[in-house]
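Only one structure is covered here, and it is reproduced in the block below.
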Amino acid sequence: MADDISIKLATSEDAGAVLQFLRTTATESNAVLVPHLNEISEKTEAKNIDLINQFDDCVILLAMLGEEIVGMVTVMVLDHQPTTGELGVVVRKKYWRNGIGRLLVDEAEYWFDTYSSLENLVLTVFEDNIPAIKLYQQLHFVTTGKTVEQGHSVLQMQYDNEKEETMEK
């Protein structure tokens with residue numbers, strides 16, 4: 001399945017499809033936490049995507065199966081930590097366990113290592129989402145803490161690209 005997927009940078013022309021994708025995945029999983037998602041217009045989303053694409057500390061990448069968005073990864077700079085980006089990954093439920101999440105995280109790591117001005121890449125994941133935690137660990141994320149967000153226990157993880165460099169040698 002992952003061999004049939006192409007990855008592309010989101011553009012303002014994708015705004016409607018991105019919103020539809022997020023609204024659909026929000027009904028499939030409790031992991032899509034976009035405030036006021038149903039109130040965002042296509043025009044506003046298009047402006048947001050254009051703005052994000054102007055900076056080297058944020059990115060939105062789409063996993064495409066033909067013309068359909070089947071997954072998305074974002075890296076957004078944290079307001080309180082301007083050198084740290086937060087990774088977010090979402091895949092349509094009917095495509096779970098097909099390697100799409102791994103492909104998206106790999107692409108985000110490559111973007112972070114190659115193009116980004118960020119110093120750190122972090123994420124949070126629900127503590128009971130064992131498949132995602134295992135994936136992140138395989139892709140060089142280490143647990144840095146635990147917290148509670150919106151009533152859910154979450155792990156805080158950080159990308160350890162030095163671990164990757166060591167493995168390559």
Side-chain angles (χ1 to χ4, degrees), residues 1-79 84-116 118 120-126 129 131-136 138-141 149-150 152 154-159:
M1 165 69 62
D3 292 341
D4 299 325
I5 302 297
S6 62
I7 303 294
K8 69 173 251 166
L9 182 68
T11 67
S12 57
E13 290 81 30
D14 298 312
V18 166
L19 283 173
Q20 183 58 44
F21 170 78
L22 289 171
R23 289 175 180 145
T24 299
T25 54
T27 68
E28 298 174 339
S29 164
N30 60 355
V32 179
L33 304 173
V34 180
H36 314 292
L37 180 59
N38 289 323
E39 299 168 21
I40 301 171
S41 71
E42 187 173 330
K43 185 177 181 179
T44 299
E45 184 66 7
K47 287 180 182 177
N48 289 341
I49 292 171
D50 277 342
L51 184 63
I52 288 165
N53 285 341
Q54 292 177 22
F55 298 97
D56 65 358
D57 58 3
C58 300
V59 71
I60 301 174
L61 299 172
L62 305 175
M64 305 295 296
L65 182 60
E67 297 297 312
E68 179 186 9
I69 300 174
V70 297
M72 184 167 93
V73 65
T74 60
V75 177
M76 298 295 157
V77 69
L78 294 176
D79 290 335
T84 299
E86 182 173 33
L87 181 82
V89 181
V90 63
V91 175
R92 285 284 315 268
K93 188 171 187 172
K94 67 182 181 179
Y95 298 105
W96 287 0
R97 313 275 190 283
N98 282 295
I100 297 168
R102 174 181 297 277
L103 182 64
L104 287 165
V105 175
D106 275 341
E107 288 292 327
E109 288 176 349
Y110 178 79
W111 171 85
F112 172 80
D113 290 332
T114 308
Y115 300 107
S116 157
L118 298 168
N120 300 299
L121 185 61
V122 299
L123 62 84
T124 57
V125 58
F126 292 136
N129 190 347
I133 292 167
K134 286 182 179 179
L135 172 67
Y136 296 136
Q138 290 170 6
L139 296 174
H140 315 293
F141 279 84
E149 290 181 15
Q150 298 183 359
H152 297 278
V154 297
L155 293 181
Q156 298 165 319
M157 301 182 85
Q158 181 168 329
Y159 176 52

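Heavy atoms only: backbone and side chains are in, while hydrogens, waters and symmetry mates are out. Not measured: the values here are computed from a predicted model. Throughout, residue positions are numbered sequentially from 1 according to the sequence presented.
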If you take all heavy atoms of [X] and [Y], which pair is closest and at what distance?
X	Y	value
A46	A15	N-CB, 3.5 Å
M157	F141	CE-O, 3.7 Å
V59	M76	O-CE, 3.9 Å
I5	A63	CG2-CB, 3.7 Å
F21	V90	CE2-CG1, 3.3 Å
L123	E86	CA-CG, 4.5 Å

Could you measure the distance from the [atom1] atom of [X] to the [atom2] atom of [Y]? Nearest 0.5 Å is fine.
X	Y	atom1	atom2	answer
Y95	T25	OH	OG1	13.0 Å
I40	N48	CD1	CG	7.0 Å
T74	L62	OG1	CG	10.5 Å
L19	T24	CG	OG1	10.5 Å
Q20	D14	CD	CG	13.5 Å
E13	E42	CD	CD	10.5 Å

L61 side chain near L9 side chain, heavy-atom distance below 4.5 Å: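 When only atoms from C-beta onward are counted, L9 and L61 do touch, with a gap below 4.5 Å.
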Do M72 and I60 come close enough that some side-chain heavy atom pair is under 4.5 Å? yes
Please tell me whether D113 and Y159 have a donor and an acceptor in their side chains that are separated by less than 3.5 angstrom. yes
May I have the step-by-step check of side chain to side chain contact (heavy atoms under 4.5 Å, CB included) for V89 and L135, ending in yes or no? CA-CA 12 Å; V89 181; L135 172 67; over 6 Å; no
Given I69 and R92, is the side chain to side chain contact (heavy atoms under 4.5 Å, CB included) satisfied, shown in steps? CA-CA 8 Å; I69 300 174; R92 285 284 315 268; over 6 Å; no
Donor-acceptor contact below 3.5 Å, side chain T114 vs main chain W111: no
Any sub-3.5 Å donor-acceptor pair from N53's side-chain atoms to A10's backbone N or O? yes
Just wondering, are more than 12 heavy atoms of other shown residues or ligands nearer than 6.0 Å to NZ in K8?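 Result for NZ/K8: enclosed.
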Angle between ring planes, H152 versus F126, binned at 30° and 60°: parallel, tilted or perpendicular?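 Plane angle between 30° and 60°, so tilted.
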